[in-house]
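A quick write-up on the structure given underneath.
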Amino acid sequence: MKILFYLHNLWEISATTRLAVDLATVLKDKYSADIEFAVNKINQDDIKNLPFKRHVLNRKGEFGKARAIRELVEQNNYDVVMSYMLTQNIILSIAKWMAGQNSTVYIGSVHNSDNFMKNSSVLKLPYRYLMKKLYENLDGIIVVSKAVEEDVHRAYLVNKNKMKVIYNYIDIEKIRRLTLEPLSEKETEFFSRPVVINVGRMETQKGQEYLIRAFRLIKDEIPEAGLAILGDGSLKNKLEELARSLDIQSDVYMPGYVENPFKYMKHSKIFAFPSLWEGVGNVVLEAQAVGLPVVAFNSQGGHVDVLKDSGILVPERDHIKMAEEIISLLKDKSRWQNYSNLSLDNIKNYSVERKAEEYYRYFMQKMEEK
């Protein structure tokens, strides 16, 4: 099986890059698939030493890039071409239309659950109709959760029979190896206390404001507690100011983006996930791989499906309830241990090896249908 993965770029810190490369590696090693990558452009922050052939489109506009994809398909006779994220899905659909009838299977993928939220206005109806046609022109669409499937259907009225739910995955062994990296002396001192940790971009979607407000309440009950928020973004200054206004700045660690968040997770007690919407929220899976209990908002997204009963869900934007559950876990060792065990059991369902098998079977099914 010869497969082309099409992404905007291969930025090293991108979750999409990690997903694509991890999947490609297992498909190559376990199923002897011949994998190549196509990207719109090269970035100085791209992943180093990519173990797969890479094509750079270097074309302007959607139609220019679609022609480049069509040319790659004609030259290399791929069995499957799979695109990642909205713009690449559009380009792939146009490329399929340009190519006409051939044996290649064209598959898009959707990883976010905010399509309807962004396009609910009546003024967006023409765009929504166009997206329906573009998505349904593809041979299939992989969506990373039931929540994303429902969102795409609601936003664009795409037939659910066109979509296939395959949840995200992580390289569990790689994450556990990375937890062994030592902390600095200063970091070791901070993480010697019971730390609540969050990892994510500092943007409205991630809801860290509610976590900081929850932490103020946690400090009242557990004075020695600490909070670590790893990530950068446009709200970093506002979040730091919020911590100062609540007089907890000395107990909140916000170092910005870190290359290896897993070593910090290993030395934390609880993973808090206050996101307001998500596709899946891979970081939840990563936290469970480290054995952390997870407390999350019951908001729109696949993390609710992924966690099921293995984590604690609290009402969206309810920082008081989030604080209460975190306090309970920190005070009750047997409850903490129970949710740690549930995390470790649940994550077995989301290994890259298990999900790669689902992808392989889906690709084979679509090739047979074609």
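For this chain, numbers begin at 1 and follow the sequence in order.
A 4.5 Å side-chain heavy-atom check between Tyr339 and Val295 finds every atom pair outside the cut-off. At a threshold of 4.5 Å between non-hydrogen side-chain atoms, the residues Pro293 and Ile312 do not count as touching. Residues Ile212 and Ile248 are in side-chain contact: their nearest non-hydrogen atoms beyond the backbone lie under 4.5 Å apart. Under the 4.5 Å side-chain criterion, counting only non-hydrogen atoms from C-beta, Met1 is in contact with Met364. Between Leu86 and Met131 the shortest side-chain heavy-atom distance falls below 4.5 Å. Within the 4.5 Å cutoff, the side chain of Glu224 has heavy atoms near those of the Pro194 side chain. In this structure, Val81 and Leu92 have side chains that are in contact, with non-hydrogen atoms separated by less than 4.5 Å. Looking only at side-chain heavy atoms (C-beta outward), Ile3 and Tyr78 stay at 4.5 Å or farther from each other.
Counting non-hydrogen atoms of neighbouring residues, nucleotides and ligands closer than 6.0 angstrom, the OH atom of Tyr127 exceeds 12 such neighbours. Within a 6.0 Å radius of NZ in Lys146, other residues, nucleotides and ligands contribute 12 heavy atoms or fewer. In the displayed structure, Lys30 atom NZ is contacted under 6.0 Å by more than 12 heavy atoms of other residues, nucleotides or ligands. The number of heavy atoms from other shown groups lying within 6.0 Å of OH (Tyr129) does not exceed 12. Annotation: Trp336, atom CH2; neighbour count of heavy atoms from other residues, nucleotides and ligands within 6.0 Å is above 12. Gln75 CD: more than 12 foreign heavy atoms inside a 6.0 Å radius. More than 12 heavy atoms of other residues, nucleotides or ligands shown are found within 6.0 angstrom of NZ on Lys160. More than 12 heavy atoms of other residues, nucleotides or ligands sit less than 6.0 Å from atom NZ of Lys48.
Applying the side-chain contact (heavy atoms from CB on, under 4.5 Å) criterion to Asp247, with sequence neighbours excluded, gives Arg216, Gln249. Among residues two or more places apart in sequence or in another chain, the salt bridge (Lys or Arg N to Asp or Glu O under 4.0 Å) test is passed with Lys133 by none. Partners of His111 under the ring-ring contact (aromatic ring centres under 6.0 Å, His included) rule, at least two apart in sequence or in another chain, are Tyr84. Every residue was checked against the salt bridge (Lys or Arg N to Asp or Glu O under 4.0 Å) condition with Arg67, not counting sequence neighbours, and none meets it. Looking at residues two or more places apart in sequence or on another chain, you find no salt bridge (Lys or Arg N to Asp or Glu O under 4.0 Å) involving Asp22. Remark: Glu62 engages no residue in a salt bridge (Lys or Arg N to Asp or Glu O under 4.0 Å) (not counting sequence neighbours). Scored by the ring-ring contact (aromatic ring centres under 6.0 Å, His included) test, Phe52 finds Phe37 as partners (sequence neighbours excluded). In this structure, the side-chain contact (heavy atoms from CB on, under 4.5 Å) partners of Ser145, at least two apart in sequence or on a different chain, are Ala147, Val148, Tyr167, Val280, Asp305.
With 3.5 Å as the limit, one finds no donor-acceptor pair spanning the side chains of Asp318 and Tyr210. Side chains of Gln337 and Asn341: a donor on one and an acceptor on the other come within 3.5 Å.
Sorted by first and then second residue, the pairs that involve residues 353-370 and meet side chain to side chain donor-acceptor pair (under 3.5 Å), not counting sequence neighbours, are Asp139-Lys370, Asn349-Arg354, Lys355-Glu358, Glu357-Arg361, Gln365-Glu369, Lys366-Glu369.
Looking at Glu150 and Arg154, no side-chain N of the basic residue comes within less than 4.0 Å of a carboxylate O on the acidic one, giving no salt bridge. Between Glu325 and Lys321 there is a salt bridge, with a side-chain nitrogen of the basic residue lying less than 4.0 Å from a carboxylate oxygen of the acidic one.
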Next item on the list: Evaluate the side-chain contact (heavy atoms from CB on, under 4.5 Å) criterion for residues Leu7 and Gln88: first the C-alpha distance (whole Å), next the side-chain angles of each, then the deciding distance (0.1 Å), finally the verdict.
Entry: CA-CA 7 Å; Leu7 296 81; Gln88 286 65 243; 5.6 Å; no
Next item on the list: Mind running side-chain contact (heavy atoms from CB on, under 4.5 Å) on Met265 and Val283 for me, showing each step along the way?
Entry: CA-CA 11 Å; Met265 289 184 184; Val283 69; 3.9 Å; yes
Notebook entry, point to check: Given the rule in the side-chain contact (heavy atoms from CB on, under 4.5 Å) test, do Thr104 and Leu4 qualify, once you have shown the distances and angles that lead to the verdict?
Noted result: CA-CA 10 Å; Thr104 300; Leu4 179 70; over 6 Å; no
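Note: Tyr264 and Tyr253 have tilted aromatic rings, judged against thresholds of 30 and 60 degrees for the angle between ring planes. In this structure, Tyr156 and Tyr135 have tilted ring planes: the angle between them lies in the 30° to 60° band.
The hydrophobic cluster containing Ile320 also includes Leu217, under a criterion of side-chain heavy atoms closer than 4.5 Å among ILVMFWY residues, counted directly or through chains of members. Hydrophobic cluster membership of Val122, counting Ile, Leu, Val, Met, Phe, Trp and Tyr whose side-chain heavy atoms lie under 4.5 Å apart directly or via other members: Leu125.
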Donor-acceptor contacts under 3.5 Å from residues 225-236 side chains, at least two apart:
unit_1	atom_1	unit_2	atom_2	d
Ser234	OG	Glu203	OE1	2.5
Ser234	OG	Glu203	OE2	3.4
Lys236	NZ	Glu240	OE2	2.7
Lys236	NZ	Met254	O	3.4

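In terms of modelled atom types and a separation under 3.5 Å, the side chain of His319 and the main chain of Leu211 share no donor-acceptor contact.
Val39 and Val73 sit in two unconnected hydrophobic clusters of ILVMFWY residues. Membership requires side-chain heavy atoms under 4.5 Å apart, directly or through other members.
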